[in-house]
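Quantities reported herein were computed from a predicted structural model and do not represent experimental measurements.
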Amino acid sequence: MRARTMHLLVAVTMFGCATDAHRPKLEAPLSLYDVRGGNPVCTNTYCSITVTVKSGCSIAVTPFTLGIDDKVEDAVIHWAISADSVGNAAFTNQGINPKDNGAWMREFRNGTPVGNPPKEFTWVDKNKLAGSSSPRPYGYNVDVIQNGAPCPRYDPTIINGY
């Protein structure tokens, strides 16, 4: 029994190391993205957005507008509260949510807060809408708290089919 537990522990550890080695850093520099029309464009299946909460609940999202290349399908979009944030900042449980729920839900799925309190949030972007035009902009809301108090909502954009 002990040998099986050790083998399982080794396998899990090796798998975790292998997957983390291929995962981009949470705060990917914008230089890793293409730039089109002045907007960064994610060209792979992992896209990173950084949310910084400054003093007085001021919010900055980098990039504010993110394009998703039209060739990318099922991109994991990952938002993370920056380590540079002031105070105890976290997402609410609905931290990243659509402005237009109907349109958003046709292309996005599995909105998930990560952590308790959530310091990260992910959505899977199908980036595939049959019969629609490109590019397709989607406004979304960023809802965070700072030191337990809600901050004013912030509203950046994702552009699919860019």
Discussion item. Quick check: do I158 and P137 have side-chain heavy atoms less than 4.5 Å from each other?
Written reply: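 Side chain of I158 against side chain of P137, heavy atoms only: no contact under 4.5 Å found.
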
Worksheet item: For N39 and Y162, does a side-chain donor sit closer than 3.5 Å to a side-chain acceptor?
Response: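 Judged by distance alone, the side chains do pair up.
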
Practice prompt. Consider only side-chain N and O atoms of N147 and N88, and report whether a donor and an acceptor are under 3.5 Å apart.
Written response: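 No - no donor-acceptor pair under 3.5 Å links their side chains.
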
Counting only N and O atoms by type, is there a donor-acceptor contact under 3.5 Å from the side chain of [X] to the main-chain atoms of [Y]?
X	Y	answer
W123	I96	yes
E120	G115	no
N127	G161	yes
K119	A89	yes
N44	Y46	yes
S85	S82	yes

Between [atom1] on residue [X] and [atom2] on residue [Y], distance to nearest 0.5 Å:
X	Y	atom1	atom2	result
E73	T45	CD	OG1	11.0 Å
D125	R109	CG	CZ	9.5 Å
I81	T52	CD1	OG1	8.0 Å
D100	M105	CG	CE	11.5 Å
R153	N97	CZ	CG	5.0 Å
R136	I159	CZ	CD1	11.0 Å

Practice prompt. List the steps and the verdict of side-chain hydrogen bond (donor to acceptor under 3.5 Å, both in side chains) for D155 and N141.
Written response: CA-CA 5 Å; D155 57 348; N141 302 306; over 6 Å; no

Practice prompt. Would you please test V144 and I59 for side chain to side chain contact (heavy atoms under 4.5 Å, CB included) and show each step?
Written response: CA-CA 9 Å; V144 297; I59 300 171; 3.5 Å; yes

Worksheet item: Applying the 4.5 Å side-chain criterion to the ILVMFWY set and letting contacts propagate, would F64 and W104 be lumped into a single cluster?
Response: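 Per the 4.5 Å side-chain linkage, F64 and W104 are co-clustered.
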
Worksheet item: Do any pairs count as a disulfide bond (SG atoms under 2.5 Å apart) and have a residue in residues 95-162, sequence neighbours left out, and if so which ones?
Response: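 Every disulfide bond (SG atoms under 2.5 Å apart) pair that includes a residue of residues 95-162, provided the two are not neighbours, is C57-C151.
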
Discussion item. So if I apply the side chain to side chain contact (heavy atoms under 4.5 Å, CB included) rule between I49 and each of V61, V142, T62, which one comes out positive?
Written reply: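 The single option meeting the side chain to side chain contact (heavy atoms under 4.5 Å, CB included) with I49 is V61.
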
Discussion item. Walk me through whether V76 and C47 qualify under side chain to side chain contact (heavy atoms under 4.5 Å, CB included).
Written reply: CA-CA 6 Å; V76 174; C47 309; over 6 Å; no

Worksheet item: For W79, which of F91, Y140, Y154 qualifies under ring pair (Phe, Tyr, Trp, His ring centres under 6.0 Å)?
Response: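 Between W79 and the candidates, ring pair (Phe, Tyr, Trp, His ring centres under 6.0 Å) is satisfied uniquely by Y140.
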
Fill in: Chi angles and distances behind the side chain to side chain contact (heavy atoms under 4.5 Å, CB included) call for L66, C42
CA-CA 7 Å; L66 176 64; C42 185; 4.2 Å; yes

Fill in: Lys/Arg-Asp/Glu bridge criterion (N-O < 4.0 Å) met for D74, K126
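Judged by the 4.0 Å cut-off on N to carboxylate O distance, D74 and K126 do not form a salt bridge.
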
Worksheet item: If every non-hydrogen atom of F121 is compared with every non-hydrogen atom of G95, which pair is closest and at what distance?
Response: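 Scanning both residues, the minimum pair turns out to be CE1-N, 3.5 Å.
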
Discussion item. Using every non-hydrogen atom in the two residues, find where V53 and Q146 come nearest and quote the distance to one decimal.
Written reply: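 For V53 and Q146, the tightest heavy-atom pair comes out as CG1-NE2, 3.6 Å.
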
